[in-house]
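This is a predicted model, so every value here is computed, not measured.
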Amino acid sequence: MAAEYDHLPVYKAAYDLLQHVYRDKCIASVPRDVKYTLVERLKQDILEVLVLIYKAHYNMLGDKALQLQQARELIPGVKARMRIMYDLRYINLEVFRTLAVEVESVSKQLGAWHTKTLRRRIVAPPAPARTAAAAAAPVAAQTAASVAASAPTDPFAAPAAAPAVAPVAASV
């Protein structure tokens, strides 16, 4: 039986971070204009990270690396918003440290999972062996197609001569 997404350490860390942002009394005392811009965006980004972790966990056929990369791209914004709140003295140093440690934990876990996913994708099983004649045919067609594709597309240029192709001798 596959592990549920809410048992993943990265999901737990991101969920704990979101709970701290919602529950922390220091964030509750942030001025109203900042609460409805900066703090709401912080909450949305962390929630989006949770959703992307869920999608990556259950993505069996698609590209997990895409969801993990999107989640990783949200982390710098989360860090920046927390830093702004600290610099403007909306949260104290203790709260900032707690949140920073949690964000760093989520970031490292996402990075490790993303790297592991990319390694799995690179290390693919070897393709079945083909005969030399079957392997040469696609290469010749690919070479001709790449030559045609790299040719200039000037509409006023004279048409280029077709490349000479040597006839293939038939085996008897």
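A heavy-atom distance below 4.5 Å is found between the side chains of Asn92 and Val95. Between Lys79 and Arg83, every side-chain heavy-atom pair lies at or beyond the 4.5 Å cut-off.
In this structure, Leu66 is not a member of the same hydrophobic cluster as Tyr11, with clusters built from ILVMFWY side-chain heavy atoms closer than 4.5 Å. Linking ILVMFWY residues whenever their side-chain heavy atoms come closer than 4.5 Å, directly or via other members, leaves Val103 and Val101 in distinct clusters. Residues Tyr22 and Leu74 share a single hydrophobic cluster, defined by chaining ILVMFWY side chains whose heavy atoms lie under 4.5 Å apart. Clustering ILVMFWY residues whenever any of their side-chain heavy atoms sit less than 4.5 angstrom apart, transitively, puts Ile84 in the very cluster that holds Met82. One hydrophobic cluster, built from ILVMFWY side chains closer than 4.5 Å, holds both Met85 and Leu88.
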Q. After noting the C-alpha distance and the side-chain angles of Thr98 and Glu102, does the key distance pass the side chain to side chain donor-acceptor pair (under 3.5 Å) rule?
A. CA-CA 6 Å; Thr98 302; Glu102 290 179 355; over 6 Å; no
Q. Going through the distances and angles, do Arg120 and Lys116 end up as a side-chain contact (heavy atoms from CB on, under 4.5 Å)?
A. CA-CA 6 Å; Arg120 283 185 182 168; Lys116 184 178 178 182; 3.0 Å; yes
Q: Test side-chain contact (heavy atoms from CB on, under 4.5 Å) on Asp16 and Gln19 and set out the steps.
A: CA-CA 5 Å; Asp16 289 345; Gln19 281 186 330; 3.9 Å; yes
Q.
Assess the residue pair Thr115 and Leu118 against the criterion (side-chain contact (heavy atoms from CB on, under 4.5 Å)); give the C-alpha distance rounded to whole Å, side-chain angles, the decisive distance to 0.1 Å, and a yes or no.
A. CA-CA 5 Å; Thr115 302; Leu118 290 176; 5.8 Å; no
Q: I would like to know whether Val21 and Leu42 meet side-chain contact (heavy atoms from CB on, under 4.5 Å); could you show each step before the answer?
A: CA-CA 8 Å; Val21 171; Leu42 178 67; 4.0 Å; yes
**Q.** Criterion side chain to side chain donor-acceptor pair (under 3.5 Å) on Glu73 and Gln69, from CA distance to verdict
**A.** CA-CA 6 Å; Glu73 288 172 357; Gln69 180 62 35; 3.2 Å; yes
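Other residues, nucleotides and ligands place more than 12 heavy atoms under 6.0 Å from the CZ atom of Phe96. For Lys35, the NZ atom counts as densely surrounded, since its 6.0 Å shell holds more than 12 non-hydrogen atoms of other residues, nucleotides or ligands.
Centroid-to-centroid, the aromatic rings of Tyr54 and Tyr58 come within less than 6.0 Å.
Atom-to-atom distance recorded for Leu99:CG and Glu94:CD is 10.5 Å, nearest 0.5 angstrom. With values rounded to the nearest 0.5 angstrom, Tyr15 atom OH is found 12.5 Å from Ile46 atom CD1. The CG atom of Leu8 sits 5.5 Å away from atom CH2 of Trp113, with the distance rounded to the nearest 0.5 Å. Atoms CD and NE2, from Gln67 and His57 in turn, are 12.5 Å apart once rounded to the nearest 0.5 Å. Atoms CD1 and CG, on Ile53 and Leu110 in that order, are 5.0 Å from each other to the nearest 0.5 Å. A distance of 12.0 Å separates CD in Glu48 from CG in Leu18, rounded to the nearest 0.5 Å.
Judged purely by atom type and a 3.5 angstrom limit, Arg41 has no side-chain atom pairing as donor or acceptor with the backbone of Thr37.
Contact detail for Val49 and Ala14: the closest heavy-atom pair is CG1-CB, 4.4 Å. When all heavy atoms of Ala13 and Gln109 are compared, the pair lying nearest together is CB-NE2, 3.9 Å. The two atoms that bring Ser107 and Ile75 nearest to each other are CB-CG2, 3.8 Å, heavy atoms only.
Comment: Lys43 engages Glu40 in a salt bridge, judged by a side-chain N to carboxylate O separation of less than 4.0 angstrom.
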